[in-house]
Amino acid sequence: GPQTWQVLGQELAQGGTPRAVLLMLFNFVTLAVAMATVIFALHGRGLISLIGPLGPALRDFTGVLTYLAVLNLVLWVMPWPAGIAPQPQTDFRTWLSWLPLAVLAILVQSTTEELGFRGYLQAQLAAWIPSPLVWMGVPSVLFALLHLDVQTFGGNAWIVATWAGVFALMAADLTARAGNLGPALAWHLMNNISAMLVLSMAGHWDGLALHVLPVDPADETAFRAIILIEGGVMLCSWLAARVAIRR
């Protein structure tokens with residue numbers, strides 16, 4: 001009834017429940033279908049063709065995912081600074097019961113974004129204008145702007161957007177080096193698993209998180225300390241991915 005939809009709407013506003021997070025992530029299926037329809041109409045191509053050669057893509061995906069899994073396992077057990085240490089959020093057995101569906105949902109979301117930004121937009125721009133400033137820069141700026149959320153992050157919003165833009169540049173670099181979407185897909189998947197299933201910010205899409213950081217996203221001082229840590233993790237992850245696809 002109306003009350004149920006009202007409750008669900010409130011959940012979707014913050015992502016504080018498993019069903020809200022899953023609904024948000026699986027909603028990317030509709031975007032993928034729309035994108036597939038447009039690409040076929042414009043170019044006569046299927047969505048899967050945007051991945052590139054499937055054999056090398058699968059090999060690169062597996063290799064990068066393995067390297068990043070090992071790196072993240074090491075990073076997850078390292079100590080955090082006092083005051084921003086992770087706090088338990090979800091019972092471990094409950095978390096495990098949601099894990100297969102949650103990973104599938106994140107795979108849908110991250111794959112859709114990579115197909116759009118790196119698989120299509122980056123490749124099309126590279127075909128038209130061979131300058132890396134264009135085919136790397138334009139999709140990365142758009143990706144950054146889509147992550148600009150002043151309402152949630154306040155004065156930190158542009159820092160979050162910049163972080164997303166740098167992430168996109170690194171994903172663009174991996175895609176160009178590999179010649180397929182495998183590495184970027186693996187990196188995006190592992191990044192989102194870490195941010196949504198393992199360690200989220202309290203009160204911000206933490207419905208499936210095992211742990212949360214007890215930090216208000218709008219708290220500029222504490223949040224910037226976290227961003228510095230995440231920036232170091234992102235750099236290490238990018239370097240690990242580059243090693244994984246080294247020819």
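Residue numbers count from 1 along this sequence.
Taking CG of Leu115 as the reference point, atom CG of Leu121 lies at 12.5 Å (rounded to 0.5 Å). Taking CG of Leu228 as the reference point, atom CD1 of Ile159 lies at 8.5 Å (rounded to 0.5 Å). The line from CG of Leu189 to CD of Gln109 is 9.5 Å long, rounded to the nearest 0.5 Å. Expressed to the nearest 0.5 Å, how far CG of Asn156 lies from CD1 of Ile227 amounts to 7.5 Å. One finds the OG1 atom of Thr175 at 6.0 Å from the CD atom of Glu114 (value rounded to the nearest 0.5 Å). In this structure, Asn191 CG and Ser110 OG are separated by 9.5 Å, a value rounded to the nearest 0.5 Å.
Side-chain atoms of Leu174 and Arg242, non-hydrogen and from C-beta on, do get closer than 4.5 Å to each other. Residues His211 and Trp76 are not in side-chain contact: their nearest non-hydrogen atoms beyond the backbone lie 4.5 Å or more apart. Contact annotation: the side chain of Arg93 never approaches that of Leu96 to less than 4.5 Å [non-hydrogen atoms, C-beta and beyond]. Side chains of Phe92 and Leu210 form a contact here, defined as non-hydrogen atoms less than 4.5 Å apart. Side-chain atoms of Ile51 and Phe61, non-hydrogen and from C-beta on, never get closer than 4.5 Å to each other. Side-chain contact check for Ile48 versus Leu54: some heavy-atom pair is nearer than 4.5 Å.
Side chain of Trp95 to main chain of Leu208: a donor-acceptor pair is present (N/O by atom type, distance under 3.5 Å, no hydrogens or angles). Not one N or O on the side chain of Asp206 forms a donor-acceptor pair closer than 3.5 Å with the backbone of Ala202.
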Return all side-chain donor-acceptor pairs below 3.5 angstrom for residues 22-39, not counting sequence neighbours, or 'none' if the list is empty.
residue	atom	partner	partner atom	Å
Thr30	OG1	Asn27	O	2.6
Thr37	OG1	Val33	O	2.9

What donor-acceptor contacts under 3.5 angstrom involve side-chain atoms of residues 232-241, with partners at least two apart or in another chain?
residue	atom	partner	partner atom	Å
Ser237	OG	Val233	O	2.9
Trp238	NE1	Asp173	OD2	3.1

Mind listing the side-chain donor-acceptor pairs of residues 136-148 below 3.5 Å, one per line with the distance, residues two or more places apart or on another chain?
residue	atom	partner	partner atom	Å
Ser140	OG	Met136	O	2.7
Ser140	OG	Leu169	N	3.3
His147	ND1	Phe143	O	2.7

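Residues Trp187 and Leu104 fall within the same hydrophobic cluster, defined by Ile, Leu, Val, Met, Phe, Trp and Tyr side chains chained together at heavy-atom separations under 4.5 Å. Residues Leu47 and Phe40 do not share a hydrophobic cluster, defined by chaining ILVMFWY side chains whose heavy atoms lie under 4.5 Å apart. A continuous path of hydrophobic side-chain contacts links Leu107 to Leu101 [ILVMFWY only; heavy atoms under 4.5 Å]. One hydrophobic cluster holds both Trp205 and Phe223 under the rule that ILVMFWY side chains link at heavy-atom gaps under 4.5 Å. Under the 4.5 Å side-chain heavy-atom criterion for ILVMFWY residues, no single connected hydrophobic cluster contains both Leu75 and Tyr67.
Across Asn192, Leu197, Val108, a single residue satisfies side-chain contact (heavy atoms from CB on, under 4.5 Å) together with Val103, and that is Leu197.
Closest non-hydrogen pair, Val74 versus Val77, comes out as O-CG2, 3.1 Å. In plain terms, the two heavy atoms of Ala184 and Ala171 that are nearest each other are CB-O, 4.0 Å. The minimum heavy-atom distance linking Ile129 with Trp135 is given by the pair O-CD1, 3.5 Å. Shown here for Leu65 and Met190, the closest heavy-atom pair between the two residues is CD1-CE, 3.8 Å. Counting all heavy atoms, side chain and backbone alike, Gln89 lies closest to Ala209 at CG-O, 3.2 Å. Contact between Pro214 and Ala85 at its shortest, heavy atoms only, is CD-O, 3.2 Å.
Between Phe117 and His188, the gap from one ring centroid to the other reaches at least 6.0 Å.
A 6.0 Å sphere centred on CH2 of Trp158 holds no more than 12 heavy atoms belonging to other residues, nucleotides or ligands.
Ring geometry, Phe153 versus His204: the interplanar angle exceeds 60°, so the pair is classed perpendicular (tilted spans 30 to 60°).
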